[in-house]
2 protein chains.
Amino acid sequence: MALAYDYKDVHFLPTAQRNGDPVCALFRMGVTMAFAKDEEVYGQDEEADLIYRVLEGGVRTTRVMADGRRQIGDFYLAGDIFGLETGPRHRFSAEAVRDSVILVVKASILRSAGGELERLGWEATRRELERAQEHVLLLGRKTACERVASFLKDLSDKCGGVPVVDLPMGRQDIADYLGLTIETVSRMLSQLQSGRIVSFCATRQFRVVNAEALARLADQAQ
Amino acid sequence: MALAYDYKDVHFLPTAQRNGDPVCALFRMGVTMAFAKDEEVYGQDEEADLIYRVLEGGVRTTRVMADGRRQIGDFYLAGDIFGLETGPRHRFSAEAVRDSVILVVKASILRSAGGELERLGWEATRRELERAQEHVLLLGRKTACERVASFLKDLSDKCGGVPVVDLPMGRQDIADYLGLTIETVSRMLSQLQSGRIVSFCATRQFRVVNAEALARLADQAQ
DNA sequence: CGCTTTATTGAGGGCGGTCAAAGAGCGTGG
DNA sequence: CCACGCTCTTTGACCGCCCTCAATAAAGCG
């Protein structure tokens, strides 16, 4: 079960995100909660009256079809905001991909604030939209290999210059994000590794060996 | 080439959309332009300082990969607003799917307005996001048949109760929207027709014969 | 160290893609 | 009005990428 922490836990955030950041100011009004791996943060069709920020761990938003087919909308890692992507009700559910700590704040604060905060909400929604549009291109027109390459590159870029990137999520989550099966993901990872493009030091840790080749595979799109 | 019309051409809009609609009030400040089939409304990476509303015809937003693979982000028909889906620059280009008339207004009016208009911009962005998320589910987890069924149902729903729905776009556009080839789209349309689910009276005109079966195919997702 | 979960690898099959040709729709001009 | 040519669509035959099913291997965890 999720445990409520004191709001002072905001100090979990990297320093760069604490100073002079209106988003951070907003979340100082929130409450910190812990979620176990696979625990639901919010459910599909639930009321969307809270917004969230990942402090530790990671979150996925998912949509499940009647027969069990699953699509992951996006992943959110430390520092990311999620939950404001919809109208009055969530159209995806959100779950922790592993044990996570999450800041929660009332969405009404954003929506009714006006001025800077409201523009911030719009900005965040717009970023979500841009990510969704990239996702559409990936799912509509990229091959399995390109999808996996795009995924690794995105994650690597996000972690900005870290030599070894770690994957917070399992292979099944990656597959459900990329519109593939777990076997195909595994095969493509092996293929990228044997092609000396990436190198896995552990199941969930890799380093980019040939960044240019990775980018070429990922970014055929202009 | 696009021709500028007088702003009074706002009367092209259906009556229901003219009275007491702040969006309409906004667009009264705009200019009407005509675009020929396949003519570009705006290009990828162009500055996004205008927003648009379709009066007649239809528009597609597209993204083309380096090797020519094409993905259509969405279609916009009479009454729809588009162009505000991005940050400072467009990430998709927009083209008329056939001869079209489009209202154009400065985006800065929306962005800097504050209050109701700004919230309107946010709402519109959020609707775009929801459509993009549905699109992600479709591309990631639906079969070719389900994709085509979803497409026809969406269009039919949008035209709300019209007995005969017409497709403003060609098969290639449908294929590029659904992440399929033109041949597969054609085959699935034939299949849906021989299954007595829809019926094409012309290449670009169909009626829904078995709405329940169509919905079952389209909406396996809850 | 044994048990469970997760990931990898292989063999084979099917859905959708590719290539090719025929057919339908449509504007133009005789 | 029909003939012609162009584009768009449909249909068929075949192929390949990715999925399915199955077995093995590795990792996590008590």
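When reading the values below, keep in mind they use all heavy atoms of this one structure, side chains included, and skip hydrogens, waters and symmetry mates. The chains referred to below are lettered A, B, ... by the order of the sequence lines, with proteins before strands, and numbering in each begins at 1.
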Q: Apply side-chain contact (heavy atoms from CB on, under 4.5 Å) to A:T143 and list each qualifying residue two or more places apart in sequence or on a separate chain.
A: A:C145, A:E146, B:R69
Q | Contacts of type salt bridge (Lys or Arg N to Asp or Glu O under 4.0 Å), residue A:D154, not counting sequence neighbours | A | none
Q) Is a salt bridge present between B:E134 and B:K142, judged by a nitrogen-to-oxygen distance below 4.0 Å? A) no
Q: Shoot me the first and last contacting nucleotide of DNA chain C against chain A, ordered 5' to 3', at under 4.0 angstrom to non-hydrogen atoms.
A: C:dT6 to C:dA11
Q.
I want to check something: taking the side chain as every heavy atom from C-beta on, are B:M33 and B:E39 in contact at a cut-off of under 4.5 Å?
A. no
**Q.** Pairs involving residues 188-208 of chain A, ordered by first then second residue, that meet salt bridge (charged side-chain N to carboxylate O under 4.0 Å, His left out) (sequence neighbours left out)
**A.** none
(Q) In this structure, how many angstroms lie between the P atom of D:dA27 and the CD atom of A:Q205, rounded? (A) 12 Å
Q: Measure the shortest side-chain to side-chain distance between A:T184 and A:L178 over non-hydrogen atoms and say whether it is less than 4.5 angstrom.
A: no
**Q.** Result of checking B:F82, B:Y76, B:F35 against B:Y52 for ring-ring contact (aromatic ring centres under 6.0 Å, His included)
**A.** B:F82
Q: Could you tell me, to 10°, how much the axis swings from one end of the helix from C:dC1-D:dG30 to C:dG30-D:dC1 to the other, five pairs per end?
A: 40°
Q. Taking atom types as modelled, is there a side-chain donor on A:E40 or A:S93 under 3.5 Å from an acceptor on the other?
A. no
**Q.** Basic-acidic side-chain contact under 4.0 Å: B:D80, B:K158
**A.** yes
Q: Classify the ring geometry between B:Y42 and B:H90 as parallel (under 30°), tilted (30 to 60°) or perpendicular (over 60°).
A: parallel
Q.
Can you build the contact string for nucleotides 9-23 of chain D? Use B for base contact, S for sugar-phosphate-only contact, and - for no protein heavy atom under 4.0 Å.
A. SBBBB----SSBB--
